[in-house]
S.K.: 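I am attaching a structure below and will ask some questions about it afterwards.
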Amino acid sequence: MRYLLILLLLLTGCATPKPAPDAFADAERAIEAAVRAGAEEHSPVELRFAREKLAEAQKGMEYRQYDKSIYLIEQSEINSELAVEKCKTAVTRARVAELSRENEVLREDFRATFGEDFE
C-alpha cells in the first residue's frame, strides 16, 4: 500500500499543469493589440502566426496536451508583440521618410532664395 501511495504521489508530481485560466484571454488581447497597432497592414505574417498558434493551443487543450498548449500560447503572445513592434517601426520609418521629403523641399526653397552658397 505504501508503494502505491508513493507511486501515486510521484505521478501526481509529474502531471502537466493546465494553462492559467486567463492565458487564452491574454493571448487574445495581445492579438487584438496587434490588430489595433496595424498588424494586418504592417506585419501580417506575425499576426497570422499568432492566430495559428493560439488555434493550435486550443486544439492541444482538447487532447490534454497542456505543455504544448502553454508553449503555443506563449508563442502566440510573442508573435503578437513582435507584430506590434514591427508596426511601430513601420510607422516611424514612414514618418522619417515624410520628414526627409519635407527637409528636401525646404533645402530647395532655401537654395532658390539664397543661391547655391546656402549649405
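In what follows, residues are counted from 1 in the order of the sequence shown.
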S.K.: Please give me the minimum heavy-atom distance between Pro19 and Tyr66, naming the atom from each residue.
M.R.: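 That closest heavy-atom pairing would be CD-CD2, 4.0 Å.
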S.K.: From the options Val96, Val91, Thr89, select the one residue that forms a side chain to side chain contact (heavy atoms under 4.5 Å, CB included) with Arg93.
M.R.: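 Result: among Val96, Val91, Thr89, Thr89 is the only option passing the side chain to side chain contact (heavy atoms under 4.5 Å, CB included) with Arg93.
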S.K.: Please round to the nearest 0.5 Å and tell me the distance separating atom CZ of Arg51 and atom CG of Asn79.
M.R.: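 Atom-to-atom, Arg51:CZ and Asn79:CG are 12.0 Å apart.
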S.K.: Group every Ile, Leu, Val, Met, Phe, Trp and Tyr by side-chain heavy-atom contacts under 4.5 Å, then state whether Phe49 and Phe24 land in the same group.
M.R.: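 No, it is not one cluster - the side chains of Phe49 and Phe24 are not joined through contacts under 4.5 Å.
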S.K.: For Ile31 versus Ser76, what's the shortest heavy-atom pair and its separation?
M.R.: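 Closest approach of Ile31 to Ser76, heavy atoms only: CD1-OG, 3.8 Å.
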S.K.: Does Glu108 form a side-chain contact (heavy atoms from CB on, under 4.5 Å) with Phe110? I'd like the steps, not just the answer.
M.R.: CA-CA 5 Å; Glu108 289 174 10; Phe110 278 120; over 6 Å; no
S.K.: Taking the basic N atoms (NZ, or NE/NH1/NH2) and the acidic carboxylate oxygens, is any pair closer than 4.0 Å for Glu62 and Lys59?
M.R.: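 Judged by the 4.0 Å cut-off on N to carboxylate O distance, Glu62 and Lys59 do not form a salt bridge.
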S.K.: Any heavy-atom pair between the side chains of Leu82 and Ser43 that's under 4.5 Å?
M.R.: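 Heavy-atom side-chain distance check fails, nothing below 4.5 Å.
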S.K.: Can you list the steps and then say if Glu85 with Lys88 is a salt bridge (Lys or Arg N to Asp or Glu O under 4.0 Å)?
M.R.: CA-CA 5 Å; Glu85 294 305 317; Lys88 289 178 184 178; 3.4 Å; yes
S.K.: Backbone N or O of Met61 within a donor-acceptor pair of the Ser69 side chain at under 3.5 Å?
M.R.: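 At least one qualifying donor-acceptor pair exists.
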S.K.: Tell me, please, which residues at least two apart from Glu77 pass side-chain contact (heavy atoms from CB on, under 4.5 Å).
M.R.: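 For Glu77, the residues satisfying side-chain contact (heavy atoms from CB on, under 4.5 Å) (neighbours in sequence not counted) are Asp26, Ala27, Ala30, Ile73.
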S.K.: List the atom of Ala37, the atom of Cys87, and the distance in Å for their closest heavy-atom pair.
M.R.: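 Taking Ala37 first and Cys87 second, the nearest heavy atoms are O-CB, 3.4 Å.
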S.K.: Go through the steps for Glu46 and Lys53 under the test salt bridge (Lys or Arg N to Asp or Glu O under 4.0 Å), then give the verdict.
M.R.: CA-CA 10 Å; Glu46 289 76 13; Lys53 289 180 181 183; over 6 Å; no
S.K.: Which distance, rounded to the nearest 0.5 Å, do you find between the CD of Glu104 and the CG of Asp109?
M.R.: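 Here the interatomic distance stands at 10.0 Å.
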S.K.: Kindly write out the residues that satisfy side-chain contact (heavy atoms from CB on, under 4.5 Å) with Glu98, not counting sequence neighbours, or none if the list is empty.
M.R.: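 Partners of Glu98 by the side-chain contact (heavy atoms from CB on, under 4.5 Å) criterion, ordered by chain and then number, come out as Arg95, Arg101, Glu102.
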S.K.: Could you grab the distance from atom CG of Leu47 to atom NZ of Lys86, nearest 0.5 Å is fine?
M.R.: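 That separation rounds to 11.5 Å.
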S.K.: Which residues pass the side-chain contact (heavy atoms from CB on, under 4.5 Å) test with Tyr71, not counting sequence neighbours?
M.R.: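 With sequence neighbours excluded, Tyr71 shows a side-chain contact (heavy atoms from CB on, under 4.5 Å) to Gln75, given in chain and number order.
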